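Quick note on labels: first sequence line is chain A, next is B, and so on, each numbered from 1. Keep in mind the model is a prediction, meaning the values are calculated, not measured.
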There are 2 protein chains.
Amino acid sequence: MPDLTALETAFETAGHRLTRPRRALAELIDARDGAFSAADLVADAQGRRLGIGRATIFRAIELLEEIGALERIDLPTGEHAYVPCGPAHHHHVVCRRCSRSVEIGDLGLGALARDIARKTGYQIDVHRLELFGLCPDCRLASVPA
Amino acid sequence: MPDLTALETAFETAGHRLTRPRRALAELIDARDGAFSAADLVADAQGRRLGIGRATIFRAIELLEEIGALERIDLPTGEHAYVPCGPAHHHHVVCRRCSRSVEIGDLGLGALARDIARKTGYQIDVHRLELFGLCPDCRLASVPA
DNA sequence: CTTCAATCGAGACCGTGTATCACTTGGTTC
DNA sequence: GAACCAAGTGATACACGGTCTCGATTGAAG
Ligand SMILES: [Zn+2]
Ligand SMILES: [Zn+2]
Ligand SMILES: [Zn+2]
Ligand SMILES: [Zn+2]
């Protein structure tokens with residue numbers, strides 16, 4: 001079974017079955033190239049007349065999130081989006097127009113968190129940093145003059 | 001009408017009516033002292049037999065958020081919580097057990113965001129940093145031995 | 001005290017996400 | 001490759017956060 005995509009191998013190496021719906025969803029996600037909502041995937045699947053049930057899509061998202069191949073992003077609007085990524089600690093910069101995103105490393109945030117812990121007395125277990133704006137392409141496109 | 005709380009004055013100075021439901025909700029929020037969910041407020045209101053409708057509670061939350069007197073926090077579970085705060089740019093550290101939160105300043109994040117913008121080519125408009133852990137009280141309480 | 005736009009409460013509604021359950025299937029065993 | 005069976009699937013009902021509508025109220029201005 002060659003030519004497994006990153007998401008497909010993620011399923012396998014985590015000890016889960018590589019089923020037809022999961023393969024199809026991995027392909028849909030790859031085709032998106034950026035952050036997407038669950039509704040996006042549902043629409044994609046229905047548009048291509050794959051017979052994939054809604055519940056299956058949510059289950060796949062949940063599973064990929066547990067595996068660490070997908071991460072939930074909380075958009076400024078309050079909606080949830082998901083973005084494919086590796087398991088190492090990192091953060092995301094997301095384009096508010098086309099949803100393409102890039103990962104950035106911790107960039108000293110771990111140290112900052114420790115500093116905050118010292119100052120506030122809180123024991124800090126998790127932190128999340130998300131940045132939103134315009135990717136280079138959309139930035140150019142939005143300044144037509 | 002002296003003795004207006006911070007939330008009450010926030011309604012007024014933003015040019016909105018200071019109605020009985022809004023006063024009651026401001027009081028409920030103050031009594032909570034920490035982050036809370038919309039469902040929390042609904043339960044509080046019903047518990048005290050105030051005749052406040054659910055829609056009114058959501059509308060008040062939305063309005064306070066627009067005003068800048070309340071901020072939405074995205075808990076690691078994906079649930080939404082709200083925390084009272086001032087309008088200046090800041091971030092929150094939230095206790096995962098009791099929900100008490102403290103504000104922290106930007107702490108060099110603005111500079112970090114500019115740095116990220118330079119490296120990624122993204123134009124960064126908004127960023128959000130949220131930290132979760134245990135407040136001093138809950139930290140002590142969780143280590144009984 | 002009037003007046004009326006802002007606000008309210010009730011309830012229908014919508015979208016996201018979960019639970020249930022009978023049916024199917026991937027992967028392993030022989 | 002046929003048998004096996006736990007993992008997975010799809011249809012559907014459900015739970016829940018949040019919004020919309022609309023007729024009834026009310027804050028606060030004059
Ligand atoms: Zn873009
Ligand atoms: Zn980090
Ligand atoms: Zn605490
Ligand atoms: Zn900041």
Kindly write out the residues that satisfy side-chain contact (heavy atoms from CB on, under 4.5 Å) with [X], not counting sequence neighbours, or none if the list is empty.
| X | value |
| --- | --- |
| Arg20(B) | none |
| Thr5(A) | Leu7(A), Glu8(A), Ala26(A), Asp30(A) |
| Arg72(A) | Glu65(A), Asp74(A), His80(A), Tyr82(A), Arg128(A) |

Rounded to the nearest 0.5 Å, what separates atom [atom1] in [X] from atom [atom2] in [Y]?
| X | Y | atom1 | atom2 | answer |
| --- | --- | --- | --- | --- |
| Ser99(A) | Ile73(A) | OG | CD1 | 10.5 Å |
| Phe36(A) | Leu70(A) | CZ | CG | 4.5 Å |
| Ile61(B) | Thr56(B) | CD1 | OG1 | 11.0 Å |
| Leu25(B) | Leu50(B) | CG | CG | 8.0 Å |
| Glu12(B) | Leu4(B) | CD | CG | 5.5 Å |

- So Cys98(A) and Asp137(A), side chain to side chain contact (heavy atoms under 4.5 Å, CB included) or not? Walk me through it. CA-CA 9 Å; Cys98(A) 74; Asp137(A) 288 357; over 6 Å; no
- Earliest and latest nucleotide of DNA chain D, 5' to 3', sitting under 4.0 Å from a non-hydrogen atom of chain A?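 Listing 5' to 3', DNA chain D meets chain A from dA6(D) to dA11(D).
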- Closest heavy-atom pair and its distance - His91(B), Gly105(B):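 Taking His91(B) first and Gly105(B) second, the nearest heavy atoms are CD2-O, 3.8 Å.
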- What's the shortest heavy-atom distance between Ser101(A) and Val83(A), and which atoms?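 Closest approach of Ser101(A) to Val83(A): OG-CG2, 3.1 Å.
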- Which residues, if any, of residues 74-83 of chain A bring a heavy atom under 4.0 Å of DNA chain C?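 The stretch gives His80(A), Tyr82(A) as the residues lying under 4.0 Å from the strand, ordered by number.
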- Can you list, by residue number, the residues of residues 27-40 of chain A that have a non-hydrogen atom closer than 4.0 angstrom to DNA chain C?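 Of all residues in residues 27-40 of chain A, the ones placing a heavy atom under 4.0 Å from DNA chain C are Ala38(A), Ala39(A).
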- So what is the end-to-end bend of the helix from dC1(C)-dG30(D) to dC30(C)-dG1(D), with 5 pairs used at each end and the value given to 10 degrees?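 So the angle between the two local helix axes works out to 40°.
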- Query: In terms of heavy-atom contacts, does CD of Glu27(A) have more than 12 from other residues, nucleotides or ligands at under 6.0 Å?
  - Reply: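 Not buried by this count: 12 neighbours or fewer within 6.0 Å.
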For nucleotides 5-9 of chain C, list the nitrogen or oxygen atoms of the protein found under 3.5 Å from its nitrogen or oxygen atoms, one pair per line.
{"unit_1": "dA5(C)", "atom_1": "N3", "unit_2": "Arg17(B)", "atom_2": "NH2", "d": "2.8"}
{"unit_1": "dA6(C)", "atom_1": "O4'", "unit_2": "Arg17(B)", "atom_2": "NH2", "d": "3.2"}
{"unit_1": "dA6(C)", "atom_1": "N3", "unit_2": "Arg17(B)", "atom_2": "NH1", "d": "2.9"}
{"unit_1": "dT7(C)", "atom_1": "OP1", "unit_2": "Arg17(B)", "atom_2": "N", "d": "3.2"}
{"unit_1": "dT7(C)", "atom_1": "OP1", "unit_2": "Arg22(B)", "atom_2": "NH1", "d": "2.9"}
{"unit_1": "dT7(C)", "atom_1": "O5'", "unit_2": "Arg22(B)", "atom_2": "NH2", "d": "3.4"}
{"unit_1": "dC8(C)", "atom_1": "OP1", "unit_2": "Thr19(B)", "atom_2": "OG1", "d": "2.6"}
{"unit_1": "dG9(C)", "atom_1": "OP1", "unit_2": "Gly51(B)", "atom_2": "O", "d": "2.9"}
{"unit_1": "dG9(C)", "atom_1": "OP2", "unit_2": "Gly53(B)", "atom_2": "N", "d": "3.2"}
{"unit_1": "dG9(C)", "atom_1": "OP2", "unit_2": "Thr56(B)", "atom_2": "OG1", "d": "2.3"}
{"unit_1": "dG9(C)", "atom_1": "N7", "unit_2": "Arg59(B)", "atom_2": "NH2", "d": "2.9"}

- Item | Partner set under ring-ring contact (aromatic ring centres under 6.0 Å, His included) for His16(A), not counting sequence neighbours |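 Here no residue qualifies.
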- Query: Please walk me through it: do Glu79(A) and Ser37(A) pass side chain to side chain contact (heavy atoms under 4.5 Å, CB included)?
  - Reply: CA-CA 8 Å; Glu79(A) 292 157 1; Ser37(A) 68; over 6 Å; no
Sort me out a list of protein N/O and nucleotides 28-30 of chain C N/O pairs below 3.5 Å, or just none if empty.
none

- Donor-acceptor pair, Arg139(B) side chain versus Gly133(B) backbone, under 3.5 Å?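 Side chain of Arg139(B) to backbone of Gly133(B): no pair is present.
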- Query: If you group Ile, Leu, Val, Met, Phe, Trp and Tyr whenever their side-chain heavy atoms sit less than 4.5 Å apart, what else falls in with Leu131(A)?
  - Reply: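 Direct or chained contacts put Leu131(A) with Val93(A), Val102(A), Ile104(A), Leu107(A), Leu109(A), Leu112(A), Ile116(A), Tyr122(A), Ile124(A), Leu129(A), Val93(B), Val102(B), Ile104(B), Leu107(B), Leu109(B), Leu112(B), Ile116(B), Tyr122(B), Ile124(B), Leu129(B), Leu131(B).
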- With sequence neighbours left out, which residue pairs that include part of residues 45-54 of chain B fulfil the side-chain hydrogen bond (donor to acceptor under 3.5 Å, both in side chains) condition?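 Sorted result for residues 45-54 of chain B: empty, none.
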